[in-house]
Structure formats: structure tokens, C-alpha cells
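Read through the structure below, which is laid out as C-alpha cells, and then see the notes.
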Protein chains: 2
Amino acid sequence: MKPKDTEAEILKAAEQEFMLRGFDGAKTASIARAAGVTHAMLHYYFRTKEQLFERILTDKMNLMGRSVLTAFGNPGLPLLERLKDGISRHFDFLVENPDLPRFIINEVFSRPERYEIMRKGVSRIIDKLMQNVQQELDSMAAQDEIVPVDVRMLMLDVVSLNIFPFITYPMIKPLLGDIAADRERFFEQRKAENIEVIMRRIKK
Amino acid sequence: MKPKDTEAEILKAAEQEFMLRGFDGAKTASIARAAGVTHAMLHYYFRTKEQLFERILTDKMNLMGRSVLTAFGNPGLPLLERLKDGISRHFDFLVENPDLPRFIINEVFSRPERYEIMRKGVSRIIDKLMQNVQQELDSMAAQDEIVPVDVRMLMLDVVSLNIFPFITYPMIKPLLGDIAADRERFFEQRKAENIEVIMRRIKK
DNA sequence: ATTATCTATAGATCTATAGATAATGC
DNA sequence: ATTATCTATAGATCTATAGATAATGC
């Protein structure tokens with residue numbers, strides 16, 4: 001196994017282990033085993049569990065932060081289409097990364113300082129995006145085509161609706177019966193529901 | 001300190017420690033210290049960390065499960081009022097228990113079997129409630145006073161909107177700027193927003 | 001020469017219990 | 001007599017490193 005492979009294998013295994021068990025629940029020995037390398041190698045490449053974790057968490061936080069930007073940062077569409085498209089893209093991102101939000105929410109909760117470091121990176125661009133969408137909302141509201149609304153509240157509606165079903169799926173599935181039985185179909189329906197909710201939120 | 005006090009002190013300290021750090025992050029020594037008793041007492045009263053945790057988790061799961069029931073189980077009101085009242089009560093419950101959902105979501109994720117045991121208890125009553133609300137929704141829809149809607153989707157909208165801001169507050173606060181600066185005021189606004197969203201979701 | 005890997009183990013941390021002692025309730 | 005508490009420590013688990021050996025790239 002070439003050097004790059006070893007490092008990559010450890011990272012891959014660490015990602016899985018940390019996402020599944022969190023920092024406290026994860027064991028460096030398990031990561032090494034899953035990566036197919038001896039335990040000592042993990043420390044050779046990353047020195048400490050903490051540093052290995054930091055690498056994973058930073059990656060994941062950036063991924064999560066950018067997901068909103070890439071989803072909604074699609075200019076050239078009329079506002080309502082842009083929103084629908086954004087919700088849909090953001091939702092699809094979550095289908096591909098269902099465990100991401102829960103992981104981040106948790107680790108940020110127990111290590112707020114980590115969040116601060118990376119926040120500044122996305123914060124500025126998110127602000128830009130928000131301002132841009134707010135302008136479009138305002139101009140449409142001025143023309144009486146939608147109701148006036150604060151973009152921050154609206155976006156929080158969106159991410160709440162989009163993310164929540166993913167972080168609670170194991171809990172809600174048994175409560176929802178047949179509509180949640182087929183996971184893929186259920187999330188398809190949720191995506192449509194979320195778009196519907198947001199459209200109704202702003203339409204006259 | 002009387003016996004009952006010791007047990008109660010340990011439970012109180014355990015609740016705090018487990019809610020803050022989760023099962024893996026919690027240390028029995030910290031719990032004992034916070035409770036003001038020697039470490040051995042914890043094992044004298046609860047034998048194992050696992051059993052102490054089980055006691056806390058069961059309590060919290062029941063609390064969470066019943067919160068939806070007591071919030072929406074208010075008959076005698078017209079449907080729309082009942083929904084508004086339910087959203088509001090459920091939201092107020094979260095204001096009093098802001099860390100509860102994150103805790104449960106996490107521990108259920110890492111121990112799905114625990115959830116199964118207690119689920120059966122609330123499941124039946126939740127089903128009843130849902131069926132009841134669905135009937136009212138159907139009859140209002142038949143009279144063309146609201147749009148037709150699946151109660152399960154609607155309730156998922158409600159809990160998504162209500163719970164999400166609480167589990168992500170540390171993350172969203174810096175992104176939202178001034179509207180989130182004053183925590184109490186922010187949540188007051190969110191409650192109003194959530195009611196607005198749901199009303200708009202079903203109104204003609 | 002330098003980089004990567006392995007074995008073996010030190011050292012820290014944490015849960016749990018043994019065994020002695022004090023407090024409590026018949 | 002029984003129940004509650006304390007001190008001390010066993011035993012398990014986990015992170016991290018030392019030191020030897022093998023592989024790699026000039």
C-alpha cells in the first residue's frame with residue numbers, strides 16, 4: 001500500500017467512525033482496524049485523535065456550509081423558480097449526506113470554539129447571498145406579487161423543513177406508518193411538501 | 001443528607017451531565033462530584049452507568065413524546081384555533097426544554113433499541129390524535145374551507161419548524177445577526193412565524 | 001537517508017467493587 | 001440488623017509513543 005493510500009484509508013475510516021459515533025464514542029483502534037492499518041500508523045500520520053477529528057470536522061462543516069450556497073446561489077432564474085430550485089437542490093444534497101447535519105449539530109454543540117474558527121469563512125458569502133435574495137423579495141413585494149418577508153426567517157423555514165426529517169428519520173419512521181415505510185419515496189414526497197410550504201408562505 | 005436526597009441529587013446531576021455530554025461524554029465521577037456524593041454512592045444506588053442513563057433517557061423520551069400530545073390534545077376548539085394553540089404550546093414546551101430534542105435525537109440514533117421499548121407506549125395515543133385531527137382536516141376540506149392535507153405531513157412540518165431552531169441555535173445565531181441576538185425575542189418571533197407558515201399551508 | 005510500518009507497552013482515564021465504618025430504624 | 005457512606009483499589013479500556021525493522025527514493 002502506497003503512502004497516500006494509507007493516509008486516505010485512515011481518513012475514510014475516521015470519517016465513518018466519527019460520523020457514526022461522534023468524537024467521544026469513536027475509538028482510534030476501531031478506525032485503524034477499519035482502515036486496515038496498525039494502530040500506530042494513525043498516530044504516525046495524524047499525531048492525535050483530536051487532530052484527526054479536526055480534519056474531518058472542518059471538511060464536514062465546509063461541506064455543510066457550502067451546500068446552502070451552491071443550492072441557492074443560482075442566479076438568472078426568477079425569484080420563485082430560484083427558491084424552488086434552491087430547496088430542491090439543498091434537499092438532494094441531504095439525500096446524499098443524510099447523517100451530515102446531525103453530526104455537525106452535535107459536535108458544534110460540544111465544541112462551540114471549533115465552529116467559530118470556520119464560521120468566518122462562509123459567513124461573509126452567506127450574508128451576500130441573503131442580501132441578494134432579500135432585495136429580490138423586497139422588489140417582488142413592492143409589486144404586490146408576494147407578501148413581504150424577512151429572508152432570514154424564510155431561509156430558516158427552508159433549512160428547518162429540509163433538514164429535520166433526515167436527523168429524525170429513525171424516530172419518525174415508525175410513527176408515520178406507510179408513508180415513511182419506503183424511505184426513498186417518503187423523501188421524494190417531503191421535498192415536494194417543503195417546496196409547497198415555502199411557496200404558500202410567500203405567495204399572495 | 002437523607003437517603004432520598006442522595007438518590008435525587010444523583011439523578012439531578014446525572015440528568016445535567018448526560019444532557020450536556022451524552023452517554024459517551026459523561027463521566028460517572030463528574031456526576032458524583034456534581035451531586036456532592038462520593039463516586040461509590042452512584043454505583044450503590046444505580047449499579048451501573050448504563051442503568052442510571054437508562055433511567056434518565058426513559059424519562060426524557062416520555063417527556064418528549066407526551067409534549068406533542070398535551071400540546072395538540074386540546075379538543076373543544078375549532079380546528080384552526082386548535083392547531084395554532086398546539087403549535088404555540090409545543091413551542092413553549094421547547095422554550096422550557098431547549099436541549100431535550102438534541103439529546104434524544106442523538107441517543108436514539110446511537111441506541112435504536114432503546115427507542116423501540118418506549119415507543120409502543122406513546123405510539124397508540126399519537127395514532128389516535130392523528131386520526132382525530134385528520135378527520136377534522138378532511139371535513140373542513142370537504143367544505144372547501146382549507147386545502148386537503150395529510151395530517152402526518154402537516155405535523156412533521158410543525159415539529160420541524162418548532163424544533164429545528166432550538167437544536168441549531170448556537171450555529172444559526174451568528175448567521176442571523178440582530179434578529180437572533182436577543183434569544184428570547186428571537187424565539188418569540190419564530191413562534192409567530194411557525195404559526196403563520198402552518199396556517200398558510202392549509203388555508204384556501 | 002528518509003519515510004513508512006510493526007510490536008510492545010507506558011500512562012492516563014474511567015467504571016465498578018471490596019471491605020471497613022457510620023448512621024438509621026425497629 | 002439494615003441501610004448508607006467512605007476509602008482504596010482492581011481491572012478494563014483507550015490514547016499515545018518508544019524503539020526496532022522494512023520499504024522507498026535519491
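All of these numbers come straight from a predicted model, not from anything done at the bench.
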Seminar exercise, completed: Regarding the side chain of A/Y45, the nearest nucleotide among C/dA4, C/dA16, D/dC6 is C/dA4
Exercise. Relative to each other, are the rings of B/F23 and B/F18 parallel, tilted or perpendicular (30° and 60° limits)?
Worked result: parallel
Exercise. From C/dT5, C/dT15, D/dT15, pick the nucleotide closest to the side chain of A/K27?
Worked result: D/dT15
Problem set entry | Nearest listed nucleotide, side chain of A/K49, among D/dT15, C/dA4, D/dT5 | D/dT15
For this session: Please work out whether the ring planes of A/H43 and A/H39 are parallel, tilted or perpendicular, with thresholds of 30° and 60°.
Result: tilted
Exercise. For the pair made of CG in A/L42 and C1' in C/dT5, what is the distance, rounded to whole Å?
Worked result: 13 Å
Exercise. When we call it a touch if two heavy atoms are under 4.0 Å apart, what does A/A26 touch: a base, just sugar-phosphate, or nothing?
Worked result: sugar-phosphate
For this session: Check the distance between C/dC14's P and B/E17's CD and give it to me in whole angstrom.
Result: 10 Å
Problem set entry | Presence of A/T38 side-chain N/O under 4.0 Å of C/dT7 phosphate oxygens OP1/OP2 | no
For this session: Check whether any side-chain N or O of B/T28 sits under 4.0 Å from OP1 or OP2 of C/dC14, and answer yes or no.
Result: no
Problem set entry | Lys/Arg-Asp/Glu bridge criterion (N-O < 4.0 Å) met for A/R47, A/E54 | no
For this session: Please tell me which of A/A40 and A/Y44 maps to the more 5' nucleotide of DNA chain C, matching each residue to the nucleotide holding its nearest heavy atom.
Result: A/Y44
Problem set entry | Contact under 4.0 Å: B/T48 side-chain N or O vs C/dT15 OP1/OP2 | no
Exercise. Is the closest basic N to carboxylate O distance between B/K12 and B/E15 below 4.0 Å?
Worked result: no
